[in-house]
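Below is one structure, written out as structure tokens; the observations come after it.
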There are 2 protein chains.
Amino acid sequence: MRNRKWLQEGTFLSPGYTEGTVLKAEGKCKDCSRINEVLSRVGDRWSVLIVISLANYGILRFNELKRNLGISQRMLSLTLRELERDGMVNRTYHPTIPPKVEYSLTPLGKSFREPLKGLGQWALNNLPAIDQARQRYDEQEASERQSA
Amino acid sequence: MRNRKWLQEGTFLSPGYTEGTVLKAEGKCKDCSRINEVLSRVGDRWSVLIVISLANYGILRFNELKRNLGISQRMLSLTLRELERDGMVNRTYHPTIPPKVEYSLTPLGKSFREPLKGLGQWALNNLPAIDQARQRYDEQEASERQSA
DNA sequence: CAGTATCCAGTGTGATACTG
DNA sequence: CAGTATCACACTGGATACTG
């Protein structure tokens, strides 16, 4: 979700993403690009999970986060760098031996929890309804297959 | 973002997802699976875009949505089916010639707009700050490369 | 400890062509 | 019009091994 190359300015479209489609998307749905920017952040489960962890614990070291989330070193490293770049987390490097690096939320990162909470609340309230809907849908489909 | 197979019950882990990692993730971060369920919905840009479009226009036909969003037929078809299955959109088929299918939001789908709004508001307020942070970060990085 | 580099499988998504 | 089927390809993200 993160590297939506085709959304970035000046990026050439790689084969498979035709120019027409992109232009159409931006032309017709002006808010789409902005919405996509939000989604590129909130849609990335590791970003969200890291923000939540840091919000709960305050300060965490690299390997603490890793153990906490069951994330691979690679993704943790990449995601933390992005979050730091976006001004969502602080990175503090202690040049000791062995090295020690601490991560915490910036005010911006903390403010992100609010909209996240709304989403979580909605999910809590409505996931059961969704599960029911799915069950109905799947049963419907099954009976149709039978009669066919 | 949608098919998080490894989150579904009874799904066998495909190669590349070691059992250890998954268990660790679920063991240490109890909320993760729930959070991921939300993300699997909100993290899908097409789902969100479709919900927003339908919220704005009330009722839309297949090709109206297609033109509106610049989405491919394939993705529109797949996403609409998922949304219908989740009880977020109504599908009304008119067996005329040529056929006509109308899509609209269910109450559940409408209720989803609220948390979405919170997110959008946050984005509107903070994307400039993020852009600034990125610029700072990138300039910093550039100057470090120079001195090295 | 805190990363970086490399490799590779799985998944998402667009293009294209076909159907009722 | 409203899809479905098939193909191709970029990107995600885990595993593994190496470094300071």
Side-chain angles (χ1 to χ4, degrees), chain A residues 1-8 11-25 36 39-40 43-47 49-50 60-67 69-82 84 89 91-103, chain B residues 1-8 11-25 36 39-40 43-47 49-50 60-67 69-82 84 89 91-103:
Chain A
M1 296 298 294
R2 188 152 281 274
N3 295 320
R4 298 263 173 71
K5 291 267 167 54
W6 55 273
L7 275 176
Q8 295 167 12
T11 303
F12 252 93
L13 297 165
S14 41
Y17 298 105
T18 68
E19 198 176 352
T21 305
V22 172
L23 289 180
K24 222 182 285 171
N36 271 314
L39 291 185
S40 70
D44 179 13
R45 77 177 186 281
W46 292 131
S47 292
L49 260 27
I50 288 173
L60 286 173
R61 299 178 59 176
F62 187 88
N63 273 329
E64 286 175 336
L65 275 166
K66 184 166 175 301
R67 276 190 298 271
L69 301 175
I71 185 179
S72 68
Q73 276 189 320
R74 177 184 140 88
M75 288 317 295
L76 181 54
S77 179
L78 289 176
T79 310
L80 280 173
R81 204 186 305 155
E82 272 305 295
E84 190 197 353
V89 314
R91 188 190 118 115
T92 320
Y93 176 72
H94 302 275
T96 54
I97 295 180
K100 175 175 172 179
V101 182
E102 294 180 324
Y103 293 93
Chain B
M1 298 296 298
R2 188 152 280 274
N3 295 320
R4 298 261 172 73
K5 292 266 169 52
W6 55 273
L7 276 177
Q8 294 168 13
T11 303
F12 252 92
L13 298 165
S14 41
Y17 298 106
T18 66
E19 200 177 349
T21 306
V22 172
L23 289 180
K24 222 183 285 172
N36 272 312
L39 292 185
S40 70
D44 178 13
R45 78 175 183 283
W46 293 130
S47 292
L49 259 28
I50 288 174
L60 287 173
R61 298 179 59 177
F62 187 88
N63 273 330
E64 287 175 334
L65 276 166
K66 184 167 174 302
R67 277 190 298 272
L69 301 176
I71 185 177
S72 67
Q73 276 189 322
R74 177 173 188 270
M75 288 317 296
L76 181 55
S77 178
L78 289 175
T79 311
L80 280 173
R81 201 185 307 152
E82 271 306 295
E84 190 197 352
V89 314
R91 189 192 117 112
T92 319
Y93 176 70
H94 303 275
T96 54
I97 295 179
K100 174 175 172 181
V101 183
E102 294 179 323
Y103 294 93

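Letters A, B, ... are given to chains in the order of the sequence lines, protein chains preceding strands, and every chain is numbered from 1.
Between atom CD1 of residue B/Ile50 and atom OG1 of residue B/Thr79 there is a gap of 5.0 Å, rounded to the nearest 0.5 Å. With rounding to the nearest 0.5 Å, the separation of CG in A/Leu80 from NZ in A/Lys66 is 12.5 Å.
Between B/Trp46 and B/Gly70, the shortest heavy-atom distance links the atoms CH2-O, 4.3 Å. In plain terms, the two heavy atoms of B/Arg61 and B/Glu64 that are nearest each other are N-OE1, 2.8 Å.
The CG-C1' distance, from A/Leu39 to D/dT12, rounds to 17 Å in whole Å. To the nearest angstrom, P of C/dG14 lies 11 Å from CG of B/Leu69. Rounded to a whole Å, the CE atom of B/Met75 is 17 Å from the P atom of C/dT16. Spacing between atom CG of A/Asp44 and atom P of D/dG14 amounts to 10 Å, rounded to whole angstrom units.
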side-chain contact (heavy atoms from CB on, under 4.5 Å) evaluation trace for B/Ile71 with B/Leu65 = CA-CA 8 Å; B/Ile71 185 177; B/Leu65 276 166; 5.8 Å; no
| said: side-chain contact (heavy atoms from CB on, under 4.5 Å), that's the test. Do B/Tyr103 and B/Leu60 meet it? Break it down for me. | reply: CA-CA 5 Å; B/Tyr103 294 93; B/Leu60 287 173; 5.5 Å; no
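DNA chain D forms stems at C:1-20 with D:1-20, each a run of 3 or more consecutive Watson-Crick or G-U wobble pairs whose two key distances fall under 3.5 Å.
Among residues two or more places apart in sequence or in another chain, the side-chain hydrogen bond (donor to acceptor under 3.5 Å, both in side chains) test is passed with B/Gln73 by none. For B/Arg74, the side-chain contact (heavy atoms from CB on, under 4.5 Å) criterion is met by B/Ser72, B/Leu78, not counting sequence neighbours.
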Under a 4.0 Å heavy-atom criterion, the protein footprint on nucleotides 1-8 of chain C, written with B, S and -, is BSBB-B--
